[in-house]
Each structure stands twice: as C-alpha cells, then as structure tokens.
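Structure first, commentary second.
A quick note: this is a predicted structure, and the numbers were derived from the prediction, not measured. Below, chains carry the letters A, B, ... as their sequence lines are ordered, and counting in each starts from 1.
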Amino acid sequence: MAQLPILQSEDKIVETVEKNPVVVVIGETGSGKSTQLSQILHRSGYTKSGCIAVTQPRRVAAVTVSRRVSQELNVRLGEEVGYAIRFEDRTSEKTIIKYLTDGVLLRESLSNPELTQYSVIILDEAHERSLNTDILLGLMKRLIKFRASNLKVLVTSATLDGEKVSRFFSNCPILNVPGKLFPVEISYSLERPKSYIEASLQKALDIHIREPEGDILIFMTGQDDIEKLVSKLEERIRKLDEGSCIDALIYPLHGSMPPELQIRVFSPPPPNCRRIIVSTNIAETSLTVDGVVYVIDSGFVKQRQYNPSTGMYSLDVVQISKVQANQRAGRAGRTRPGKCYRLYPSMAYKDDFLDATVPEIQRSSLAGSILYLKSLNLPDIDILKFDFLDSPSFEALEDALKQLYLIDAIDEEGSITSLGRTMAELPLEPSLSRTLLEANECGCLSQALTVAAMLSAETTLLIGQSKSAEKKRKHTPSNLPNGSGLGDHIQFLQIYELWHQTDYNTDWCKDNNLQVRGMMFVKDVRKQLCQIMQKIAKGSMDVKTSRKRREDPDYRALRKALCSGYANQLAERMSRHNGYRSLGFKSQLVQVHPSSVLRTDEDGMYPDYAIYHELIATTRPYMRNVCAVEMHWVRPVLAKLDNLNVSKLSGGASQSLEKIQPENSSLQKDGGNATEPVEDRESKIRAARERFLARSRQANK
DNA sequence: GAGCACTGC
C-alpha cells in the first residue's frame, strides 16, 4: 500500500496535539485522516488513559472506516477497534478506538456529560456541518475547559472554513494534510442555460462522442429531472450511428430508489462501455462511484428549510455553495485526472455562490436540540447564549422555546420540567415523545409506540415511484387500511398492526408497496422505544390487534394523546370551506395534503380541528400527515397559547439576544415576514381563540 | 388532487 500523505506529518501532528487542547486538521479526500489520525494518537500513547472516539456523520462511514482500521491494526472488529451506531454497538471493554455517529456521541453525553471514558475526541467531517456535529462543537468548547488536563479534541474540516473553526476554538492551530486527488480541469458555461436538462443532455452527448473512455456523473436536483434526463439520454444514444462510439449504460441514482437498484451502479461496466450516472447529491458525499472521470454540475440542489415564524418547511431548489461545487468536481479526480463541466458562468461561481452551505442548524426546527441541551443541565451555560459556531436566528430559538412550553417540556420560566427530562431521553421529535408520555397515562401506549416509530421512518415507507408507474397503480386500488377516515396517524397504526399479524413478512410489504427496509427500520425503532419506556410504562407495550379496537373503535384515547403531543401543530378549519388555519403561528392558511386518508363528513367537510405532523410548502402550503381531533381536547391548548409569554420563556434574554443576532437576519431574507412583531402574533392567537369560543357556544346550543 | 434532496438518535 502506498504511504498515505498524513503519515508524513505524524511527528508534527503528535507534537501539536501534545501542546494544544484543540487542533483543526484540514485534509482533503484521500488524505487518510479518517483512518490514520486515531492510529497516530494511539501509537503516541493516548489510549493508555482512555478511549479515542471518532465521530462520523453517517452510519456506513462509521462501520466501514472502523473495519479498515481493525484490519490495519490486525485486530478483530469489536475488540480493540469497534463502532457504535443506532441499533448496533460493536464495542467491548477492550475497545480503545471507537468510531461512532455524531448522534450516538450526543446520546452518550446525556448520561455522561463529561465524556470521561474518552481521552481524545475527533470530530471528523465537521465541514459537513450536520446539526449534531454543530452541537458537539459547542459542547466540546465547554468540555475542554473542564477537562483541560486529560482531553484532546481534533476537528477535521475542509479548506474553506478551517480558519473559522480555529477562531471558534480561541485560534487553535491548523494542520494541513495534503489529499490524494488527481487534478480536475474545470470549465464553465458562458451563460446559464434555459433548461438544465437540455444543457446536461447536450454536454453528456458531447463527452460521450468526443472524449476518451471514463464514466460520466451528472448532478441533478431530484427524481423527476433525473428520470426525464435518463429517458432522453437513452433515446439519443440509441439513435447514434452504430460503431461511431463506445456503448453507454445509463443509470439513475437517488435516495428513494430501492437499495438493489442503487447497488447496480457499483458493478463495473463491460469493456468498451461508458457508464452515465444521473444522480442527486447522494453521489456528492454518501456514495462514491469509482471510475468517474467527467462530472457535469447543474449548480443546483434541493434543500429543505424551516421558517420559524410560520412553522413551515419548504423544499426549495437553491444554488449550491462553493464547497459543494468543489466537492462535486472532486468526484471526477478519484482514479485519474478528470474534467468538470459547470453549467454556469465563472462569474456566477465567484459572485453568487455562498462560500459554504448554510449549516443545518440554521435551517431546522430546534425544539429537539434545545430540549436536549436543557436536559444536560449545564449550570454554567445559558442555552440561549449557547456558543454555536454559527448561531441560529433569534426567531428559531424563540420558536423552539414556544413549542417546548406548549407540550409541557419547559415551564413558564423556560426551565426544563420532569416531563421534559423524560422526553429528552427518547430518540424522537419532542411532539412524538410527548405523545408517548401522554399515551402512557391514557392507556394507549402500545398504539402510540407504533405511530411514533412509523412516523420516525415515514418518508422511506412508500416505494418511490415515477409518475407513469403511479398512473398504472391507480387501476389496482391499495388493500391497505384507510385509517378509518380519522387520519394518517391511524392509518400508520393499522398498517403496522396488519404487518405484525403476518409475523413481519417481507413479501407482504412488497405486495403492499411498502419499503421493506423502511418497515424493518420501524420495527427496530419500536423495539428501541420499548426498551427506553420499560422503566415507566404503565401498561403493555406489545402490538395489540383487533381485540383492542373493539374497546375503542374511534381511537379516541390515541387521538387525544396525539393532541397533547402536537399542541403546537394544531389547525382549525375555516367555517365555509375545507382550508385550515394553523394555530399558534403567524396566521397561515393551509390545506390537507391530497395524499391524506382523512375523510370528509356527509356534507363534504373535514373535521373542525386537526393536528398535523408537518407543514410543507410545495406548490401550496400543505399539512402532511393529519389526524382528526375533538374540540374539547383543544381547549386547554388554546388556553396555554393565550397565556404565552415568550420573553419570559427565554428568561428575559430577548432584548440582549436581538442585539447579537443581526448577521443572521440575511438568512430570513427569503422567508417572508419572519420578523413579525410578537404583539401581532399574540393578537392573532387571541382572535383564533375567540373564533373557537364562538364555535363552542354554537355547538352547545 | 399532488409530488419528496440527504442524514441521524
């Protein structure tokens, strides 16, 4: 094996780590930092006083990297070298080098905030800025103060933000480790094309006809565009004169494809044949296809973002960042020198592209993370002034506190409640943790466990289908239950109960268009939730079937529990039509998503009140996964909304926080009225409550 | 009557 570049810097690394509590290591792809840093520190004795932890943003990475290190050290995986990911802990008392996902390390710090078992913590791939890594960065900054004598922290990052991470850790040293990428020649378009599909098609055909062999990787934004381009490519390549150029195999590649189809891409092509892979950004970091020599980059990506003032997610096509553009280009230089064709002008890259992708922490709802931080009970840290590498907006923090207050996870002063503490232990969104705890009181825990597990995996359940396949499917109506018309949560419960009756038969999943992988994941989640709930469960947690339904045919207990958990995700129907108004946020008109199984009554009207799992703006604002609830369950929630005092929740920090936020305000630029005054919001909540009371009076007549 | 990128506890 050729010597990895990082080993030439071994002495320098050891010396720098010796002298500094935190070191930033910048190493490009192929530098060997993921496999070698841990071994270097092991060799220099850091495993004598504890274990070396290396975090990874993805599970597969934790598994594959630890496997390689165990081979290099010639030990059995799970002994001296091991890994820990959700549902799987392959470590033992012998373990001295442990690879784990950042989420698992966060869970560990919940039960052991000082992380005393570790002498070294390496946050690998920190430039990806996953939500969990960002929280870990903040926690590490605090931890090195308390464990200055016996903890070393290493952060690996991409070139562009190494300086920033260093500044965050009091100007800690930065070490550069060369990568092992081949040069990639980059060319730009003169102008932005009218159609990215057409431009990609032309460019791919050009390369295929004129350039020597080597696979082509094309980055598109989503399944739809990928399928269009694949069929156009197939048609055009079929029409090429036989013998005028080598053969081509065209593969789509995206996350909603079943794994067996994804794997196809990795089988090497037959001789005299070029692979053309049309992919989402799954091929940017998660999957690496060897043999790619040409990259075509559309310059766009689909990104999910959260608007804290409306509680709504949107999935937008946005311009990629410079870091992403370079990551995409690098995919062409893994095996030999390559070429990258950017379908945008060089000026666009220089002037329009952000340096780095907006970190996830500034694009997500923070209720779960804030609850987690509050449950750590760090006396020296005010959560709202928590030292993030990039701070989330004030609105996002305020929104998280409001959500947590409405579901009783924190009290009026913003302190965590005992309920909140239990919720933080569950690996679920706060709304679902709250539902479980309420269900435990109402005697429907087993049902709630199923619903929570199903919603944890929801997007991966239904097999991703193209539009044409969908049309075909309409002729064969689904045999799946319909949630008794009460909503999608109930349907999820009924589906799982049926699957349980088949003894978790995988063919049953396939027959019903359910992703086997997704359903197995649900089963694992449910099992994990049962283990955590064991201590406090008041009733059986086994999957119940028809017997239970006779006792409560309308699932009233479960829907009432859901109403507590989703207190912040509540909507009231408009009086004359089937549109809903979301309560508790800036007034927002939303529709039931057409895929919902929620049923209308004999007059064609939806129920007066419903809870929703999420609001998502696509062509219009939709509530996805809704469930009918009853008016009198909603009453206490509205009372709580009425008494809401956000500045009290943040411990009066609102004023000072607003002052230190201005640099984040640009993020909200496109989010509409993110800065609506609190008084406006409160008056709207009051108006909603008045409408509710009027409706109550009418109902009582 | 519409459409969903990618991760993770």
Side-chain angles (χ1 to χ4, degrees), chain A residues 55-62 84-89 100-111 125 128-136 219-227 253-257 279-287 298 300-305 313-318 320 324 357 359-360 363-364 368-369 371-372 423-430 432-433 452-453 456-471 474 521 524-525 528-529 531-532 578 591-598 600 614 616-625:
Chain A
T55 69
Q56 295 290 326
R58 276 172 295 281
R59 287 192 214 154
V60 266
I85 59 177
R86 190 178 191 180
F87 310 131
E88 202 184 354
D89 184 350
L100 69 180
T101 49
D102 44 20
V104 169
L105 188 62
L106 273 181
R107 285 284 140 194
E108 287 186 358
S109 91
L110 199 55
S111 51
E125 315 287 357
E128 289 191 23
R129 303 293 307 275
S130 74
L131 181 57
N132 287 338
T133 298
D134 267 19
I135 292 172
L136 282 171
F219 284 104
M220 304 294 290
T221 57
Q223 185 179 349
D224 248 33
D225 287 359
I226 288 171
E227 280 168 10
L253 184 61
H254 52 81
S256 47
M257 274 166 59
S279 173
T280 59
N281 53 334
I282 194 170
E284 211 174 272
T285 48
S286 304
L287 299 179
S298 65
F300 287 100
V301 67
K302 244 179 215 168
Q303 210 171 58
R304 193 178 146 97
Q305 21 223 1
Y313 279 96
S314 58
L315 194 65
D316 309 316
V317 173
V318 301
I320 59 173
Q324 272 178 300
T357 314
E360 204 184 344
R363 292 187 279 121
S364 319
S369 303
L371 178 62
Y372 170 81
M423 286 165 59
E425 281 180 49
L426 289 157
L428 291 170
E429 298 160 40
L432 290 173
S433 323
S456 296
E458 192 269 323
T459 49
T460 55
L461 287 185
L462 282 170
I463 286 174
Q465 312 201 19
S466 65
K467 280 181 178 166
S468 55
E470 183 78 7
K471 268 178 204 155
K474 275 191 179 162
F521 180 80
D524 282 339
V525 174
Q528 190 189 25
L529 296 176
Q531 284 164 358
I532 299 171
N578 268 336
Q591 308 289 326
V592 175
H593 196 277
S595 67
S596 173
V597 294
L598 184 69
T600 54
E614 71 172 0
I616 176 110
T618 50
T619 48
R620 303 157 78 182
Y622 287 110
M623 299 187 282
R624 272 188 69 245
N625 294 328

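What separates CZ of A:R363 from C1' of B:dG8 is a distance of 14 Å, to the nearest Å. Here B:dA5 presents its P atom at 12 Å from CE of A:M257, a figure rounded to the nearest Å. Between A:L315 atom CG and B:dA2 atom C1' the separation is 14 Å, expressed in whole Å. The CZ atom of A:R620 sits 6 Å away from the P atom of B:dA2 (whole-angstrom rounding). Separating the CD atom of A:E360 from the P atom of B:dC6 is a distance of 14 Å, rounded to the nearest angstrom. Atom C1' of nucleotide B:dC6 and atom CZ of A:F219 are separated by 13 Å, given to the nearest angstrom. A straight line from CE of A:M623 to P of B:dG1 spans 15 Å, rounded to a whole angstrom. For A:Q528 and B:dG8, the CD to C1' distance is 11 Å, given to the nearest whole Å.
Of the candidate nucleotides B:dT7, B:dC6, B:dG3, B:dT7 has the atom lying nearest to any side-chain atom of A:R58. The A:T101 side chain lies nearest to B:dC9 when the options are B:dA5, B:dC9, B:dG3. Side-chain proximity of A:T618 to B:dT7, B:dG3, B:dC9: nearest is B:dG3. Set against B:dA5, B:dG3, B:dC9, the side chain of A:H593 has B:dG3 as its closest nucleotide. Relative to the side chain of A:P594, the nucleotides B:dA5, B:dC9, B:dA2 differ in distance, and B:dA2 lies closest. Distances from the side chain of A:R107 to the nucleotides B:dA5, B:dA2, B:dC9 place B:dC9 closest.
When heavy atoms are screened at a 4.0 angstrom cut-off, A:Y622 is found touching the sugar-phosphate backbone but no base atom. Residue A:V104 is classed as a sugar-phosphate contact, given heavy-atom separations below 4.0 Å to backbone atoms only. Using a 4.0 Å heavy-atom cutoff across all strands shown, A:S286 reaches sugar-phosphate atoms only and no base atom. Across all strands shown, A:R86 has heavy atoms under 4.0 Å from base atoms, whether or not it also approaches the sugar-phosphate. Within the 4.0 angstrom heavy-atom criterion, only backbone atoms of the sugar-phosphate kind lie near A:I282; the bases stay farther away. Nucleic acid contact class of A:L426 (heavy atoms, under 4.0 Å, all strands): none.
A:S456 places a side-chain N or O within 3.5 Å of a backbone atom of A:A452 that can act as its donor or acceptor partner. In this structure, the side chain of A:S364 engages the main chain of A:E360 through a donor-acceptor pair within 3.5 Å.
Applying the side chain to side chain contact (heavy atoms under 4.5 Å, CB included) test to A:N578 and every residue at least two apart in sequence or in another chain returns A:R573, A:T600, A:M605, A:Y606. Contacts of A:R620 classified as salt bridge (charged side-chain N to carboxylate O under 4.0 Å, His left out), with partners at least two apart in sequence or in another chain: none.
Contact check, A:T280 against B:dC6: a side-chain N or O comes under 4.0 Å of OP1 or OP2.
The shortest heavy-atom contact between A:P427 and A:L529 is CD-CD2, 3.9 Å. Across every non-hydrogen atom of A:E425 and A:I532, the tightest pair is O-CD1, 3.8 Å.
If you find the closest nucleotide of DNA chain B to A:R304 and to A:L428, the one lying nearer the 5' end belongs to A:R304.
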